[in-house]
Amino acid sequence: MCSSMLQMLFSAADIVVVGRFAGDNSLAAVGSNAFLIGFVTNLFLSLSIGANVLVARFYGAKREKEVIAAGMVRLKMIAAPYALCGMMDVMVGALRGIGYSIMQMLVSLFGVCGLRMFWIATVFQMPEYHSARVIYLSYPITWLITFVIQIFCFVWAKRRVVINNTKK
């Protein structure tokens with residue numbers, strides 16, 4: 001509930017700032033995608049709640065050691081390389097800043113989501129790799145691949161911006 005309230009406050013602040021400084025067209029764009037943003041936010045919130053229910057059931061079944069062990073595995077495999085996700089987000093901001101927002105969106109979508117779905121459809125399906133560790137391993141791998149692709153995209157986009165500015 002708290003995250004929904006924060007999302008509503010963020011959306012309200014977004015509408016105020018965009019409406020005041022960016023004009024009518026930008027405000028219309030923010031309003032037109034509000035439903036989609038709400039849907040995605042609530043989808044992931046629901047998934048999070050579902051995961052919490054599973055953890056609570058393990059814990060409630062007096063299997064604390066298993067729950068703690070599973071949490072430590074996740075921490076070791078995802079939290080340590082999480083800086084890759086932050087660096088990837090820096091590249092996203094840099095590409096948006098020079099006017100290439102669609103490119104970074106597609107790279108992020110296919111690089112993170114697409115590669116993870118591919119990972120689950122291929123590697124995870126092999127019986128010897130059918131474990132939570134293998135799923136967790138997909139996170140830093142997809143972050144790294146996406147980060148490298150975004151670096152290449154940034155270099156390419158920056159060159160185009162420089163070439164276009166020198167022609168003017």
Indicate if L144 and F118 have the same hydrophobic cluster label, given that clusters are the connected sets of ILVMFWY residues with side-chain heavy-atom separations under 4.5 angstrom. no

Determine whether W156 and M91 fall in the same hydrophobic cluster, where Ile, Leu, Val, Met, Phe, Trp and Tyr are linked whenever their side-chain heavy atoms lie under 4.5 Å apart. yes

Rounded distance (nearest 0.5 Å) linking atom CD1 of I149 with atom CE of M103: 12.0 Å

Can you tell me how far apart OH (Y100) and CD (Q150) are? Round to the nearest 0.5 Å. 15.0 Å

Test of understanding: with ring pair (Phe, Tyr, Trp, His ring centres under 6.0 Å), list the residues that count as partners of Y82, not counting sequence neighbours. W143

Report the C-alpha separation of Q104 and V107 in whole Å, then their side-chain angles, then the decisive distance to 0.1 Å, and conclude whether the side chain to side chain contact (heavy atoms under 4.5 Å, CB included) test is met. CA-CA 5 Å; Q104 65 79 21; V107 169; 5.6 Å; no

Heavy atoms only: give me the nearest T142-G111 pair and the separation to one decimal. CB-O, 3.7 Å

Common cluster, V123/M117, ILVMFWY with side-chain heavy-atom separation under 4.5 Å: no

Donor-acceptor pair, distance only, cut-off 3.5 Å: does the side chain of H130 make one with the backbone of Q125? no

S138 side chain to I135 backbone, donor-acceptor under 3.5 Å: yes

Tell me, please, which residues at least two apart from F154 pass ring pair (Phe, Tyr, Trp, His ring centres under 6.0 Å). none

Candidate pair W119 and V134, rule side chain to side chain contact (heavy atoms under 4.5 Å, CB included), full reasoning: CA-CA 9 Å; W119 181 277; V134 173; 3.4 Å; yes

Inter-residue atom distance L84.CG - I141.CD1, 0.5 Å rounding: 11.0 Å

How long is the straight-line distance from CG of L137 back to CE of M77, given to the nearest 0.5 Å? 4.5 Å

Decide whether M105 and M88 are clustered together by the hydrophobic rule: side chain heavy atoms of Ile, Leu, Val, Met, Phe, Trp, Tyr closer than 4.5 Å, transitively. no

Applying the 4.5 Å side-chain criterion to the ILVMFWY set and letting contacts propagate, would Y139 and L109 be lumped into a single cluster? no

Rounded at 0.5 Å granularity, tell me how far CE in M87 sits from CD1 in I151. 8.0 Å

Let me confirm one number: the CG-CZ distance from D89 to F147, rounded to the nearest 0.5 Å. 10.5 Å

